[in-house]
Structure formats: C-alpha cells, structure tokens
Engineer: 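Starting off with a structure, shown below.
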Amino acid sequence: MARSNDIVELEPAHGGAGLRIGIVMSRFNPEVGEGLLASCKAALVKEGVRAPDIHLVTVPGALEAPLALQKMANSGKYDALIALGAVVRGETYHFEVVANESAKGITAVMLDTGVPIANGILTTEDDDQALARAGQKGAECARAAIEMANLLRKLDED
Ligand code: INI
C-alpha cells in the first residue's frame, strides 16, 4: 500500500468478483461490435465477473449510446458500464459529429451520474482498422471498468 514514507497510494484492484457490469453496444457496425463484445466479455469473465452479472443492451448507433448509458447508470444496478461500437470515417460525411458527440455524451453521463464508463467506441479511418483494434479495445474496456468500479468503492470506504 505505501509507496514511500510520506505518501499513501491506493493500489489498482483488478478483481471483478461481485461486480455488476452493464454494456451498451452500437449495432451500426455489427462485425466490429461483435468483436468488441467477444473480447470484452472474455476479459470480464477472466477477471471474475459472473456471466449473469453482465447485462447487454444494444442501440442503433453511437449517438444513442449516451442515453441508454444514462438510464442504466441512474438505475443504481451497475458498478460500471461499458460502451462498445465504432465510428468509421469512410462511412459517414458527419464522422466528426458522431464521434465527438458520442464521446462527449458518454463522458457527461459518467461525470453526472458518478458511474464509471469505459469508452470502447472506436473511431477509425476504415472498417479494417476498426476490426484490427476490436480485440484489444474490448478487453481494455473490461479491465478499465473493473478497475474504476473497485477504485470508487475503495474511495467510498476510505
Ligand atoms: N453510428 C455509429 O455507431 N457508427 C457510425 O460510423 C455511424 N455513421 O457512420 O454515421 C453512425 N451513425 C448513426 C448515428 O449514431 C445515429 O444512430 C443516427 O444518426 C440516428 O440518431
């Protein structure tokens, strides 16, 4: 726990046992979404989250993710949430709008509700880039969600 004589550090905790995790996945890029979901789910279970404690909802696109996340955060049922999806520049003339507004919305929900949200909405130039990143990003979000849920619990206890 102690890093040195004069400061006290709360160590990151990576165990997921007992945590309830909500996932909101955009269906806009189904192949990328499924890749993100598979790696995310595998990493959550590997860290000890029980499958029945992982709840998935899907939304049409990344712009709808913040509202679903807000509803889930306000329900009080989840220790952390995860947003999954992709915004691909080659597929939209309003790439910046979708990418920026979805990220802004997700951050706003997290700060307004106090429920951690791992943002796994990829922003890429094309589908190939998104598919290549999906495996890593899904697992990264799972680990970030668990770590932040555990951190908030520790800070509550502190
Ligand atoms: N939604 C995405 O999740 N990814 C995209 O790449 C995308 N593009 O390309 O436009 C996208 N658009 C849909 C948007 O999220 C909303 O669903 C739509 O505007 C209706 O509100």
Side-chain angles (χ1 to χ4, degrees), residues 1 9-88 91 98-99 101-124 127-158:
M1 157 82 73
E9 178 179 1
L10 294 181
E11 297 286 347
H14 303 291
L19 295 180
R20 294 153 308 167
I21 306 290
I23 301 173
V24 174
M25 182 180 82
S26 159
R27 296 190 306 273
F28 196 88
N29 312 80
E31 203 183 339
V32 180
E34 291 301 328
L36 285 161
L37 180 61
S39 65
C40 179
K41 201 177 100 183
L44 288 171
V45 169
K46 187 175 169 202
E47 298 298 343
V49 182
R50 295 170 58 246
D53 289 332
I54 304 170
H55 294 182
L56 170 69
V57 302
T58 68
V59 291
L63 284 179
E64 284 74 36
L67 183 59
L69 290 162
Q70 184 187 57
K71 186 82 178 168
M72 292 172 91
N74 285 332
S75 74
K77 292 180 189 163
Y78 301 100
D79 298 295
L81 298 169
I82 299 170
L84 300 177
V87 188
V88 177
E91 286 171 12
V98 180
E101 292 307 313
S102 101
K104 260 197 260 173
I106 289 168
T107 302
V109 171
M110 172 162 65
L111 297 178
D112 288 350
T113 63
V115 177
I117 304 176
N119 185 349
I121 309 265
L122 294 164
T123 53
T124 63
D127 279 340
D128 287 346
Q129 267 185 8
L131 285 167
R133 291 185 196 164
Q136 194 190 329
K137 182 56 84 175
E140 181 188 312
C141 284
R143 291 190 292 267
I146 290 170
E147 182 178 331
M148 289 305 294
N150 288 331
L151 174 62
L152 293 198
R153 279 189 178 182
K154 276 195 193 182
L155 289 171
D156 273 343
E157 290 159 8
D158 229 27

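Residues take their numbers from the sequence shown, with the count starting at 1. These figures come from a predicted structure and were not determined experimentally.
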Engineer: Measuring from E34:CD to R27:CZ, what's the distance to the nearest 0.5 Å?
Structural biologist: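 CZ of R27 is found 11.0 Å from CD of E34.
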Engineer: Answer yes or no: is there an ion pair linking E140 with K137, defined by an N-O contact shorter than 4.0 Å?
Structural biologist: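 Salt bridge present between E140 and K137.
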Engineer: Mind checking the OG-CD spacing from S75 to Q70? Nearest 0.5 Å is all I need.
Structural biologist: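 It is 11.5 Å, given to the nearest 0.5 Å.
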Engineer: To the nearest 0.5 Å, what is the distance between CD (E147) and NE2 (H14)?
Structural biologist: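 Nearest 0.5 Å value for the CD-NE2 distance: 5.0 Å.
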Engineer: What's the verdict on side-chain contact (heavy atoms from CB on, under 4.5 Å) for L44 and I23, showing C-alpha distance, side-chain angles and the deciding distance?
Structural biologist: CA-CA 11 Å; L44 288 171; I23 301 173; 4.1 Å; yes
Engineer: So, for A86 and V32, which heavy atoms are closest and what is the spacing to 0.1 Å?
Structural biologist: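 A86 and V32 have their closest heavy atoms at CB-CG1, 3.8 Å.
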Engineer: Can you give me the closest heavy-atom contact between I121 and S102, atom names plus distance?
Structural biologist: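 Closest pair (atom of I121, atom of S102, distance): CG2-OG, 4.1 Å.
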Engineer: Could you check whether any side-chain N or O of E64 sits under 3.5 Å from a backbone N or O of G61, counting only pairs where one atom can act as donor and the other as acceptor?
Structural biologist: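 It does hold such a pair.
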Engineer: What's the shortest heavy-atom distance between M72 and Y78, and which atoms?
Structural biologist: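 Closest heavy-atom pair between M72 and Y78: O-CD1, 3.5 Å.
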Engineer: Distance check, rounded to the nearest 0.5 Å: L155 atom CG versus R153 atom CZ?
Structural biologist: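 Here the interatomic distance stands at 13.0 Å.
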Engineer: Restricting to non-hydrogen atoms, name the atom on A83 and the atom on I106 that form the minimum distance, rounded to 0.1 Å.
Structural biologist: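 Closest approach of A83 to I106: CB-CD1, 3.8 Å.
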Engineer: Could you measure the distance from the CD1 atom of I146 to the NZ atom of K46? Nearest 0.5 Å is fine.
Structural biologist: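 Between atom CD1 of I146 and atom NZ of K46 there are 11.0 Å.
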Engineer: Begin with the C-alpha distance, continue with both residues' side-chain angles, and end with the deciding distance and a verdict on side-chain contact (heavy atoms from CB on, under 4.5 Å) for L67 and K71.
Structural biologist: CA-CA 6 Å; L67 183 59; K71 186 82 178 168; over 6 Å; no
Engineer: Which side-chain N or O atoms in residues 47-54 pair as donor and acceptor under 3.5 Å with protein atoms at least two apart or in another chain?
Structural biologist:
| residue | atom | partner | partner atom | Å |
| --- | --- | --- | --- | --- |
| R50 | NH1 | D53 | OD1 | 3.3 |
| R50 | NH1 | D53 | OD2 | 3.0 |

Engineer: Which residue is it: I82, L56, L81? I am looking for the one with a side chain to side chain contact (heavy atoms under 4.5 Å, CB included) to I21.
Structural biologist: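 Of the listed options, the one satisfying the test is I82.
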Engineer: Between the main-chain N or O of G15 and the side-chain N or O of N150, is there a donor-acceptor pair closer than 3.5 Å?
Structural biologist: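 Looks like yes, one N/O pair under 3.5 Å.
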Engineer: Rounded to the nearest 0.5 Å, what separation is found between the CD1 atom of I117 and the OG1 atom of T107?
Structural biologist: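 Going from CD1 on I117 over to OG1 on T107, the span is 8.0 Å.
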Engineer: If you apply the rule salt bridge (charged side-chain N to carboxylate O under 4.0 Å, His left out), what do you find for E101 with K104, and how did you get there?
Structural biologist: CA-CA 5 Å; E101 292 307 313; K104 260 197 260 173; 3.1 Å; yes
Engineer: Where is the tightest heavy-atom contact between T124 and A130, given as atom of each residue plus distance?
Structural biologist: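 That would be OG1-CB, 3.6 Å.
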Engineer: Check A62 against S26 and note the closest heavy-atom contact, atom names and distance.
Structural biologist: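 So the minimum-distance heavy-atom pair works out to N-OG, 3.6 Å.
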